[in-house]
Each structure stands twice: as C-alpha cells, then as structure tokens.
K.L.:
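This is the structure I have questions about; it appears just below.
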Amino acid sequence: MTARPVPGPEGDCHTAASLASRFGLQLRGDGNVRVAGVATLAAAGPRQLAFLANPRYRVQLADTRAGVVVLREEDAAARPGTSLVAGDPYAMFARIAALFEAPRAIASGVHPSASVDASATIDPTASVGAFSSVGARSVIGPGAIVGPGCVVGEDCAVGEDCELVARVVLVTRVRLGRRVRVHPGAVIGADGFGLAMDRSAEAGDEARWIKVPQLGGVEIGDDCEIGANTTIDRGALGDTVLEHDVRLDNQIQIGHNVSVGAHTAMAGCAAVAGSARIGRYCLIGGGAGILGHLELCDRVVVTAMSLVTRSIREPGEYSSGTPLMDNRSWRRNAARFKQLDALARRLRADRH
Amino acid sequence: MTARPVPGPEGDCHTAASLASRFGLQLRGDGNVRVAGVATLAAAGPRQLAFLANPRYRVQLADTRAGVVVLREEDAAARPGTSLVAGDPYAMFARIAALFEAPRAIASGVHPSASVDASATIDPTASVGAFSSVGARSVIGPGAIVGPGCVVGEDCAVGEDCELVARVVLVTRVRLGRRVRVHPGAVIGADGFGLAMDRSAEAGDEARWIKVPQLGGVEIGDDCEIGANTTIDRGALGDTVLEHDVRLDNQIQIGHNVSVGAHTAMAGCAAVAGSARIGRYCLIGGGAGILGHLELCDRVVVTAMSLVTRSIREPGEYSSGTPLMDNRSWRRNAARFKQLDALARRLRADRH
Amino acid sequence: MTARPVPGPEGDCHTAASLASRFGLQLRGDGNVRVAGVATLAAAGPRQLAFLANPRYRVQLADTRAGVVVLREEDAAARPGTSLVAGDPYAMFARIAALFEAPRAIASGVHPSASVDASATIDPTASVGAFSSVGARSVIGPGAIVGPGCVVGEDCAVGEDCELVARVVLVTRVRLGRRVRVHPGAVIGADGFGLAMDRSAEAGDEARWIKVPQLGGVEIGDDCEIGANTTIDRGALGDTVLEHDVRLDNQIQIGHNVSVGAHTAMAGCAAVAGSARIGRYCLIGGGAGILGHLELCDRVVVTAMSLVTRSIREPGEYSSGTPLMDNRSWRRNAARFKQLDALARRLRADRH
C-alpha cells in the first residue's frame with residue numbers, strides 16, 4: 001500500500017489535544033503532536049493519525065511511525081507514542097478522517113451541454129453535469145448534484161443534497177430522499193423481471209413469454225448509499241422500497257417490489273429476488289442470495305455467498321455452503337455428498 | 001407497498017364484463033364493476049383489478065378491496081366479489097395490465113446532440129436520443145428507439161421496433177432482431193475473455209498473457225430482453241448467439257461463443273462461461289453458473305446459485321449447494337464435510 | 001456458430017509456409033496453402049486457418065475443411081491436410097489471429113462535444129471521444145484512446161496507449177499504466193464500502209451508519225485488462241493496486257485496498273473483499289469470492305463459485321461447494337447435510 005499524505009483542508013491546525021477535546025476522547029502521551037492527515041498503521045508517518053480496530057493489525061502497533069493512534073483502552077498500554085482512547089476506534093476514525101477529506105468545489109447550475117425537459121424542475125442550488133439529461137416532470141432538489149453522464153428519466157425526484165456521482169440512471173418513477181449518494185453505473189428503476197409463459201391458442205404452436213407490465217416505482221429513503229453498477233428494479237405494482245440509511249455496496253441486484261428495512265447493509269454482489277422483505281439492521285454478506293417472496297426479520301446476518309431459501313423469523317447469523325479445501329480433498333468429499341442419504345440410511349440400518 | 005392508481009390510457013372505459021368478453025374469460029359476480037387500473041390484492045381499491053396466482057397470497061382473497069380479481073376456477077368460491085376466471089391468472093393479468101400502461105411519446109428523429117457517423121443509416125421512423133453515438137456502417141431500423149447516452153459502435157444492426165432504454169453499449173458487430181429490449185447499463189459485444197499464457201522465449205524470463213483476438217460478433221433474435229448491467233461478449237471466432245424470445249434479467253454474464261436456445265429465461269446474476277450451449281425453454285436460476293464448453297438440452301431448470309459442471313442430457317431440475325442453517329449448526333456440519341470421505345470409508349470398513 | 005470470413009488487413013499474402021517461417025513452426029503438408037483468415041475447426045473453409053488445443057474438439061480434426069490447422073505434435077498424425085505444429089497451439093493461434101484483426105482508424109484529438117477541464121492535459125496523439133469528460137488535473141498520455149461517453153474524474157492519469165473502450169468511469173485518483181484496456185461500463189475508483197455503526201449519543205436512540213472517508217486511489221500496472229461492468233474501488237487509506245498484466249473478466253468486484261499480483265487472471269463475476277492480498281500468477285474462477293483481509297500466495301487456483309474464507313499459503317487448486325445433482329437426489333442429500341455432525345457422532349459412538 002502506498003502512503004499518500006492527505007493534507008488537511010482546514011490547514012495544519014489539528015493536534016492530538018485539539019482532537020481529544022473536539023471528540024471527547026482520552027489523550028495519552030504528548031498532546032502537542034500535530035496531525036496533518038490520516039493513514040494506516042503501516043504507512044503513517046509522524047504527522048499522521050492512524051487507528052487500531054481489527055485485532056489482526058495489533059502487531060503493527062509496536063512499529064508504526066504514526067504520530068497519533070486512535071485505539072481501545074485495552075490496546076493503549078502496547079502503544080509507545082501518543083494515542084487517543086475511544087470506545088469504538090473505527091467509528092471515531094471515520095469522524096476524524098472526515099476533517100481531512102478535501103472539499104470538492106461543484107458549481108451549482110446546469111452544464112451547458114445538459115439536456116433538461118421543459119417540464120422538469122431544477123433547484124437553483126442544484127448542479128446538473130455535462131451530458132446529463134433530466135426527463136419530463138422530474139425534480140432535482142436543493143443542493144443536489146447530478147454528475148456527468150447521468151440519465152434521470154420521467155417522473156423522478158432527487159431530494160435535497162443527494163449526489164448522483166456520474167453516469168447513474170434513474171429510469172422512471174424513482175424517488176430519492178435526502179442525502180442519498182449513488183455511485184457510477186448504478187441503474188435504479190429499470191423494468192422488473194416479470195414474465196408469464198403464454199400457452200394460449202394465440203401463442204400458436206410455440207409457447208412464448210409475455211412481458212408483465214412494470215407499473216410501479218422505486219422509493220429510497222434518506223441517507224441511503226447505492227454502490228457502483230448496482231441495480232434496483234422498479235415495482236410491478238406498488239414500489240420497490242429502501243427505508244432510510246440502507247447501505248448497498250457495488251454490483252448488488254434488488255428485484256422488483258423488494259423492501260429493505262432501515263440501517264440494513266449489503267456487501268458486494270448480493271442479490272435479492274422479487275417481493276422479498278428484509279428487516280432493519282440486517283447485514284447481508286457479499287454474493288449472498290435471497291429468494292423471492294421471503295421475509296427476514298430485523299437483525300439477521302447472512303454470511304457471504306449463502307443462499308436464503310426460507311423466511312427467517314429469528315435474529316442471528318445464518319450460513320450455507322461448504323468449507324474451502326484443496327481440490328483433491330474436495331473432490332473426494334464432494335463425491336460422498338452424493339451418497340449422503342444412502343450413507344445415513346445404511347448407518348441407521350446397521351444400528352437396528 | 002404503496003398503492004399507486006394507474007390510470008388507464010384508454011380512459012375509464014373498462015368493466016368486468018368488457019374485460020371478460022375481450023379476453024374470453026368467465027365472469028363471476030357483477031359485470032358492471034368499472035376497472036380504472038391494476039394493483040396487488042393487498043393494495044387494490046374498488047376500481048382496481050388484482051390477481052391471484054401464487055398460493056402464498058390466497059389468504060388475502062377474503063380481505064381484498066379489489067373491484068375485480070383474476071383467479072383460477074378452484075379459487076373462485078373463496079372470492080366474495082367479482083372475479084374473472086382464467087386458466088393462467090398471471091399470464092392473463094399480464095395482458096390486462098398492458099391496457100393500463102401509459103404509452104410513452106417518443107418523437108422519431110435524431111436528437112441534435114447525438115453523434116452519428118456519416119456511414120450509419122438511421123431509419124426516418126427511428127429515434128436516437130441525447131448524447132448517443134452511432135458508429136460506422138451501423139443501421140438503426142424502423143421504429144427503433146436508441147435512448148439517451150447509448151453507444152452503438154461499428155457494424156451493428158438494431159432491428160425494427162427495438163428499444164435500447166438508456167446508456168446501453170453495443171460494442172461492435174452486434175445484430176439485434178426485431179422488438180429486442182435492452183435495459184440501461186447493458187454491454188453487448190465487448191471482447192470475450194480470451195487469453196493464452198505465453199511461455200515462449202519472446203516472453204522473456206517472465207511468462208505473460210497474450211490476448212486472443214476476438215473476431216466474431218453477437219447475434220440476438222427477435223423478442224429478446226436483456227436486463228440492466230447485463231454483459232454479453234462477442235465471439236472469438238463466429239458469434240455469440242441468443243435465439244428468439246430469450247429473456248435475461250439484470251447483471252447476467254454471457255461469455256463469448258455461448259449459444260442460448262429460444263424461450264430460455266435466466267434470473268439475475270446468472271453467468272455462462274464461454275462456448276457453453278444452452279437449449280430451448282430452459283430456466284436458469286439467479287446467481288447460477290454454467291461452466292464453459294458444456295451443453296444443456298432443452299427444458300433444463302437450474303436452481304438458484306447452483307453450479308453446472310457437466311453437460312446435462314435429460315430435461316429436469318438440477319441443483320447444487322447446501323441448505324441454510326443457523327451459523328453455529330452450519331459450522332458443526334460444515335466441519336464434518338471435510339471428513340466425509342473418511343467417515344464413509346470407516347462406515348464401509350465397519351460393515352466388513 | 002456462424003462462420004464469418006475475417007479478411008486479412010495485410011491483404012491475402014499469407015501462406016502456410018510464410019506463417020511457419022514467421023513464427024518458427026514446423027510445417028506438415030502443402031506450404032502453398034493460402035490463408036485469408038481464421039476460424040474454428042467446425043466453421044473454417046479452405047482459405048482459413050484453425051487450431052486444435054482443447055482435446056474436446058479433437059473429433060473435429062478428421063472433418064474440418066480448414067486449409068491449415070495449428071496443432072500439437074501428437075495430433076499431427078490425425079490431420080489429413082496441411083498443419084503447423086506448435087508446442088502451445090492456443091498461444092500460437094492468438095499470435096496468428098492478430099494478423100487478421102482489422103486495424104481501427106481512430107483519429108487523435110478531442111471530439112468537439114467532449115468536455116475537458118482547463119487544468120487537464122491531453123497528449124496531442126491521444127483521442128478523446130464524443131460526450132466524454134476529463135476532470136481537473138487529469139492527464140491523458142500519448143496514443144491513449146478515451147472512447148465515447150467516458151467520465152475521467154479529477155486527478156487521474158491514463159498512460160501511454162491505454163484504451164477506455166466506451167462509457168468507462170475513472171472516478172478520482174485513478175492511475176493507469178501503459179497499454180491498459182478497460183471495457184465499457186467498468187467503474188474504477190468509486191468509494192470503497194467503508195461504514196462504521198455509530199452508537200454514540202449523537203446518533204440518538206437509533207444507531208446509524210457513518211461513512212468512512214475513502215481518501216486513497218487506484219494504481220493499475222502496465223498491460224492490465226479490465227472487463228465490462230467490472231468495479232474496482234479506490235482505497236480508504238493508501239491505494240487499491242493491480243500489478244502489471246492482471247486480467248479481469250466482466251462484472252468482477254474488487255474492494256478497497258485489495259492488491260492483486262502480476263499475471264493473475266480472474267473470470268467473470270469473481271469478487272474480492274477489502275484489503276485482501278492476492279499473489280502473482282493466480283487463477284480465480286468465475287463467481288468465486290475471497291473474503292476481506294486474507295492473503296493468497298502466488299500460483300493459487302480457485303475453482304468457480306468457491307468461497308475463500310482463510311488465507312492460502314501453498315500454491316495449488318482450492319474448491320468449495322457440492323456437486324450438481326438432479327433436484328430430487330439433491331434434496332435428499334442436502335437434508336442429510338444438516339444431520340452430518342450428528343451422524344458422525346453416532347458413528348464414532350457405535351465404534352466404542
């Protein structure tokens with residue numbers, strides 16, 4: 001990992017003591033250490049602040065050149081230099097690091113190349129970037145940023161202080177709350193995958209698919225984040241719904257009429273099939289799948305690449321799959337998986 | 001789910017009796033009930049038509065406020081109000097709902113901002129949207145819609161009445177039949193993933209990859225539908241082929257030189273590796289994978305997140321994976337999976 | 001598969017003998033056979049060259065109409081016509097086929113519709129396509145091609161002879177080496193998925209997510225290839241790194257601060273979670289997943305749809321999952337998976 005000094009936009013004015021006071025943290029060591037940026041334990045220099053949250057990196061504490069380290073009480077004794085003690089060092093680091101994020105200067109107004117329908121409403125404090133288009137009856141709210149190359153279709157609403165980073169598509173009837181951030185390549189409000197097989201006389205000798213009209217929309221609550229190349233289909237009837245503070249990583253697929261409860265987070269490549277209902281504070285692991293029409297209660301954790309095939313009524317952690325093995329061992333054991341029922345029957349027979 | 005009254009573009013002129021007559025359905029109850037839109041059983045009001053197909057929702061039949069319900073003969077007795085009896089209520093609903101889909105007014109012609117190569121041919125009845133580009137020798141057929149932000153590369157053909165919704169890329173040598181609908185973010189005709197490891201003297205001390213030229217194209221039949229952010233690579237030699245009426249959901253990956261038979265449907269995030277040949281009327285579940293160079297006969301069903309590692313010669317349903325468990329039980333059982341071969345051998349030894 | 005004659009851009013001047021001499025191959029049969037293009041064994045005609053590498057296609061050797069076949073010594077006897085003998089027929093075919101790839105004429109210069117920030121630097125030999133934008137302080141190097149509809153954000157560098165095919169997004173702080181090829185829809189440098197749950201008093205009654213600032217960038221080495229709709233997030237602190245000659249297929253997800261060693265290739269839909277470190281010359285199968293913070297040594301092969309849940313220290317092939325079965329057998333065996341630990345305990349008890 002390359003160290004990259006991140007200069008503080010507020011100038012070089014932070015010290016260990018000023019950060020302790022600002023965030024209500026306990027200071028250990030020299031409060032005069034100046035903090036000009038943030039870095040990892042491994043890469044930080046004497047003017048940078050690092051953090052220790054994952055025990056995996058505790059061994060780096062002895063050798064780090066970081067000027068200040070944010071850490072838990074129980075790790076403080078192992079730190080020779082200056083530290084700030086926090087109950088949750090990662091959450092605290094997130095707040096401190098935000099001080100060092102360079103503010104972007106985005107001018108409000110509509111880029112001369114943008115294409116805006118006469119019936120759309122763009123707040124004067126909003127920004128619409130190059131080569132973006134805004135369709136009929138859509139509304140872009142105060143302070144909202146529609147980055148370059150976006151397509152906002154018809155009857156959409158982009159709430160206050162939202163950001164569509166670049167090349168985002170809102171297809172039709174998509175309503176974003178406030179402060180929603182959507183990363184490039186995301187597609188929200190495309191047709192749900194609704195098909196019926198037509199075996200009627202009109203279909204002739206060859207049964208064929210009929211498309212089920214997708215008449216609903218998408219409703220996304222305040223403070224949601226939607227990752228790059230993630231897709232969220234609009235409802236067939238009624239809406240696909242994300243409540244507030246839902247966080248979706250990249251390349252996630254959300255089918256039509258799914259509903260996701262507040263504060264739920266999903267890691268990359270997870271997929272939820274149509275009409276599933278997911279509770280609040282759930283954590284869905286990377287590549288996990290949830291079948292259609294199921295219900296997950298609040299506070300369900302699904303581990304990576306597990307497939308949920310039934311509703312879950314109890315909070316807790318759920319998994320499917322098999323452990324990783326060297327391929328030769330795996331082949332031997334996997335072959336036996338095919339005989340598992342026979343083995344179990346034989347074992348039972350032997351006992352009687 | 002929010003109820004959204006969907007006004008009928010044909011005006012408020014449908015009744016239960018007129019729909020029964022139009023679609024050849026048996027009417028139960030009051031034929032004068034007026035139908036102004038469609039909705040789910042849970043959300044429908046007295047001027048809306050709903051349907052019952054999935055037995056999961058049968059319990060809602062008693063309480064629905066829907067003016068009309070499309071249902072099967074065997075469910076009709078449990079419905080107090082007006083109903084229309086259909087052999088396949090979901091397929092029938094799809095046809096009725098289409099009456100209530102608001103027609104979009106898309107003007108034919110090339111948007112002033114679009115960039116069209118001098119050697120391309122755009123039918124006068126076609127539409128090319130804002131910020132779209134059409135490359136050398138490509139042809140856009142009668143009634144076709146190329147939405148905003150699309151890139152149609154060189155030597156492509158977009159057939160009659162196709163729709164590229166928005167921000168679709170056809171890279172090169174992609175030919176779409178008639179009435180093909182492609183959703184935003186889809187990329188058709190990118191280079192297949194063809195690599196050979198070069199261990200020759202020219203590679204020097206360090207073996208390195210050589211790219212295999214991808215000289216073929218993509219051929220897509222009539223009435224196909226391609227989901228948002230789905231990718232279909234062009235052939236290395238010869239074409240990647242989708243026959244007619246193939247339906248692909250979002251985020252599907254189709255490798256080079258794959259062929260997919262007519263009427264096959266794949267759910268979100270499925271992936272097919274290079275040169276696999278899939279039959280007609282197959283159903284590939286969400287997140288399922290099919291390895292390269294395999295053949296699947298007609299009418300194969302692969303359940304969600306299964307991995308197909310061998311050719312399938314018999315129609316039927318196929319699966320891999322393990323059931324979902326609470327994580328503690330899963331850990332115990334998964335640990336035993338590593339011992340499965342040893343367990344089976346021990347069991348056999350004990351019997352002799 | 002449709003045969004498509006690919007005309008040689010160098011004209012019709014190749015013969016079996018001239019190819020043998022050019023690439024140092026042993027010629028069998030008539031050296032005067034003229035070669036005007038390349039094709040598969042099944043589709044090739046008498047003026048085309050085909051190859052045999054995968055034993056699966058050996059049966060086609062007797063019937064092929066190909067004028068010349070590139071094959072291994074041990075297959076030469078089974079070939080009636082002209083052949084070229086190569087140690088690695090597939091790698092050799094890749095080099096020969098490149099002779100028949102039509103060169104694309106891309107004019108250097110900035111398309112009049114493109115939007116380039118005043119502080120960006122575009123080399124005079126580079127090309128920037130229609131509707132592309134290049135942000136503040138970004139640099140496009142000599143011979144580089146930025147295709148139509150791309151967004152190059154702030155502080156990016158696109159090296160010599162790179163190609164962004166079309167509609168690629170480099171979000172911010174992305175540096176590409178030389179000859180990097182990026183396919184449509186790829187998003188490089190989006191925010192990593194960094195979240196901390198805020199349970200502090202400030203969060204009020206309802207714990208909520210705080211976003212961890214993503215202050216790093218992405219560094220991509222020479223000769224890498226990035227597939228369509230693939231996403232590579234930028235680092236939280238420090239960079240996400242791909243060393244040289246890394247090859248990524250479509251729809252791959254690379255989390256923040258991942259590092260991938262030189263010459264590693266990943267097939268479609270693979271996903272690597274944050275801070276994982278993958279060695280050189282690894283092969284990651286389609287749909288495989290690698291959890292965060294793990295390390296894989298050099299020359300690790302992970303089979304399709306396997307999940308890597310621990311670091312791998314030994315080169316070799318690794319797998320997880322179960323074999324494909326007909327669904328009825330699968331259900332029987334999968335049900336027993338839930339009883340596996342109990343079965344094993346019973347078996348052990350019986351023996352004592």
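Just so we're clear, the structure is a prediction, and the values are computed from it rather than from any experiment. Quick note on labels: first sequence line is chain A, next is B, and so on, each numbered from 1.
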K.L.:
Please classify the contact between A/S115 and chain B as side chain, backbone, both or neither, with a heavy-atom cut-off of under 4.5 Å.
P.N.:
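For A/S115, the contact with chain B is made by backbone and side chain together.
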K.L.:
Against chain B, label A/V258 side chain, backbone, both or neither, depending on which of its atoms sit under 4.5 Å from a heavy atom there.
P.N.:
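Neither part; nothing is under 4.5 Å.
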K.L.:
Given the options A/C150, A/A334, A/G185, A/G289, which has more heavy-atom pairs under 4.5 Å with chain B than any of the others?
P.N.:
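Of the candidates given, the most pairs with chain B belong to A/G185.
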K.L.:
Kindly check if the number of other-residue, nucleotide or ligand heavy atoms within 6.0 Å of CZ (B/R332) is above 12?
P.N.:
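Yes, the 6.0 Å shell around CZ holds more than 12 heavy atoms from other groups.
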K.L.:
For a side-chain hydrogen bond (donor to acceptor under 3.5 Å, both in side chains) with A/Q253, tell me which candidate from A/T231, A/N229, A/T230 qualifies.
P.N.:
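Exactly one candidate clears the test, A/T231.
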K.L.:
Can you confirm whether B/R72 is buried at CZ, in the sense that more than 12 heavy atoms of other residues, nucleotides or ligands lie under 6.0 Å from that atom?
P.N.:
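Atom CZ in B/R72 is packed in, count exceeds 12.
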K.L.:
Is it the backbone or the side chain of B/L248 that comes under 4.5 Å from a heavy atom of chain A, or both, or neither?
P.N.:
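Contact with chain A: backbone only.
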K.L.:
Where does A/A186 contact chain B at under 4.5 Å (heavy atoms): side chain, backbone, both or neither?
P.N.:
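Contact with chain B involves the backbone of A/A186 alone.
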K.L.:
Based on non-hydrogen pairs under 4.5 Å, which of A/T172, A/T322, A/V151 is most in contact with chain B?
P.N.:
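Ranked by heavy-atom pairs under 4.5 Å with chain B, first place is A/T322.
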K.L.:
Spell out, as yes or no, whether a donor-acceptor pair under 3.5 Å connects the side chain of A/R173 to the backbone of A/G216.
P.N.:
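Here the side-chain-to-backbone pair exists.
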K.L.:
Closer than 3.5 angstrom, by distance alone: can the side chain of B/N327 be matched with the main-chain N or O of A/E317 as a donor-acceptor pair?
P.N.:
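A pair under 3.5 Å: no.
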K.L.:
Under a 4.5 Å heavy-atom cut-off, does chain B meet the side chain of A/A342, its backbone, both or neither?
P.N.:
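Interface part for A/A342: neither.
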K.L.:
Taking every non-hydrogen pair under 4.5 Å, which of A/A196, A/S320, A/G153, A/G292 racks up the most with chain B?
P.N.:
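The residue among A/A196, A/S320, A/G153, A/G292 with the greatest pair count is A/S320.
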K.L.:
Would you confirm whether B/E243, through its side chain, and B/A262, through its main-chain N or O, come within 3.5 Å as a donor-acceptor pair?
P.N.:
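Answer holds: yes.
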K.L.:
Is B/L283 close to chain A through its backbone or its side chain, or both, or neither, when contacts mean heavy atoms under 4.5 Å?
P.N.:
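Interface part for B/L283: side chain.
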K.L.:
Please determine, among A/A335, A/P323, A/S259, the option with the most heavy-atom pairs under 4.5 Å with chain B.
P.N.:
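The candidate making the most pairs under 4.5 Å is A/P323.
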K.L.:
Please lay out, stage by stage, how A/N257 and A/D239 fare under the test side chain to side chain donor-acceptor pair (under 3.5 Å).
P.N.:
CA-CA 6 Å; A/N257 296 105; A/D239 292 335; over 6 Å; no
K.L.:
Relative to chain A, which of B/M92, B/R328, B/E225 shows the most heavy atom pairs under 4.5 Å?
P.N.:
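So the answer, after comparing B/M92, B/R328, B/E225, is B/E225.
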K.L.:
Quick one: what part of A/E314 sits under 4.5 Å from any heavy atom of chain B, side chain, backbone, both or neither?
P.N.:
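For A/E314, neither part sits under 4.5 Å from chain B.
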K.L.:
Looking at chain A, which one of B/S113, B/A265, B/G268 has the largest number of heavy-atom pairs inside 4.5 Å, strictly under?
P.N.:
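Heavy-atom pairs under 4.5 Å are most numerous for B/A265.
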K.L.:
For A/L170, is it the side chain, the backbone, both or neither that has a heavy atom under 4.5 Å from a heavy atom of chain B?
P.N.:
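A/L170 has no heavy atom closer than 4.5 Å to chain B.
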K.L.:
Okay, side chain of A/W209, backbone of B/H263: is any donor-acceptor separation there less than 3.5 Å?
P.N.:
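Here the side-chain-to-backbone pair exists.
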K.L.:
Do A/S138 side-chain atoms and A/D155 backbone N/O form a donor-acceptor pair below 3.5 Å?
P.N.:
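Flag set: sc A/S138 to bb A/D155 pair under 3.5 Å.
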K.L.:
Most heavy-atom pairs under 4.5 angstrom with chain B, which of A/T309, A/T303, A/V308?
P.N.:
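Most heavy-atom pairs under 4.5 Å with chain B: A/V308.
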K.L.:
Checking B/D249 against chain A: side chain, backbone, both or neither under 4.5 Å from a heavy atom?
P.N.:
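Interface part for B/D249: both.
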K.L.:
May I ask you to name which of B/R56, B/R247, B/H183 has the most heavy-atom pairs under 4.5 Å with chain A?
P.N.:
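Among B/R56, B/R247, B/H183, the one with the most close pairs to chain A is B/R247.
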K.L.:
Checking heavy atoms, do the side chain of B/A97, its backbone, both or neither come under 4.5 Å from chain A?
P.N.:
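When you check distances to chain A, atoms from both the backbone and side chain of B/A97 fall under 4.5 Å.
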K.L.:
For B/A228, is it the side chain, the backbone, both or neither that has a heavy atom under 4.5 Å from a heavy atom of chain A?
P.N.:
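B/A228 touches chain A through backbone and side-chain heavy atoms alike.
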K.L.:
Before accepting this row, confirm whether a basic side-chain N of the pair B/D223/B/R181 lies closer than 4.0 Å to the acidic partner's carboxylate O.
P.N.:
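Not counted as a salt bridge, because no side-chain N and carboxylate O are separated by less than 4.0 Å.
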K.L.:
By a 4.5 Å heavy-atom criterion (distance strictly below it), what part of A/I254 contacts chain B: side chain, backbone, both, or neither?
P.N.:
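Contact with chain B involves no heavy atom of A/I254 at all.
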K.L.:
Tell me whether the rings of A/F131 and A/H111 are parallel (<30°), tilted (30 to 60°) or perpendicular (>60°).
P.N.:
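A/F131 vs A/H111 ring planes: tilted.
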K.L.:
Against chain B, label A/V169 side chain, backbone, both or neither, depending on which of its atoms sit under 4.5 Å from a heavy atom there.
P.N.:
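Both backbone and side chain.
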K.L.:
Between A/P213, A/A190, A/G235, which shows the greatest number of heavy-atom pairs under 4.5 Å with chain B?
P.N.:
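Highest number of pairs under 4.5 Å: A/P213.
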K.L.:
State whether the side chain of A/T240 and the backbone N or O of A/D233 hold a donor-acceptor pair below 3.5 Å, judged by distance alone.
P.N.:
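Judged by distance alone, yes, a pair lies under 3.5 Å.
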K.L.:
Among B/Y281, B/Y57, B/F93, which has the most heavy-atom pairs under 4.5 Å with chain A?
P.N.:
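The candidate making the most pairs under 4.5 Å is B/Y281.
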K.L.:
Please confirm whether the backbone N or O of B/G279 pairs with a side-chain atom of B/T264, one donor and one acceptor, at under 3.5 Å?
P.N.:
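Checking the backbone N and O of B/G279 against the side chain of B/T264, a donor-acceptor pair under 3.5 Å is found.
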K.L.:
Would you confirm whether A/R234, through its side chain, and A/Q214, through its main-chain N or O, come within 3.5 Å as a donor-acceptor pair?
P.N.:
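Checked: pair present.
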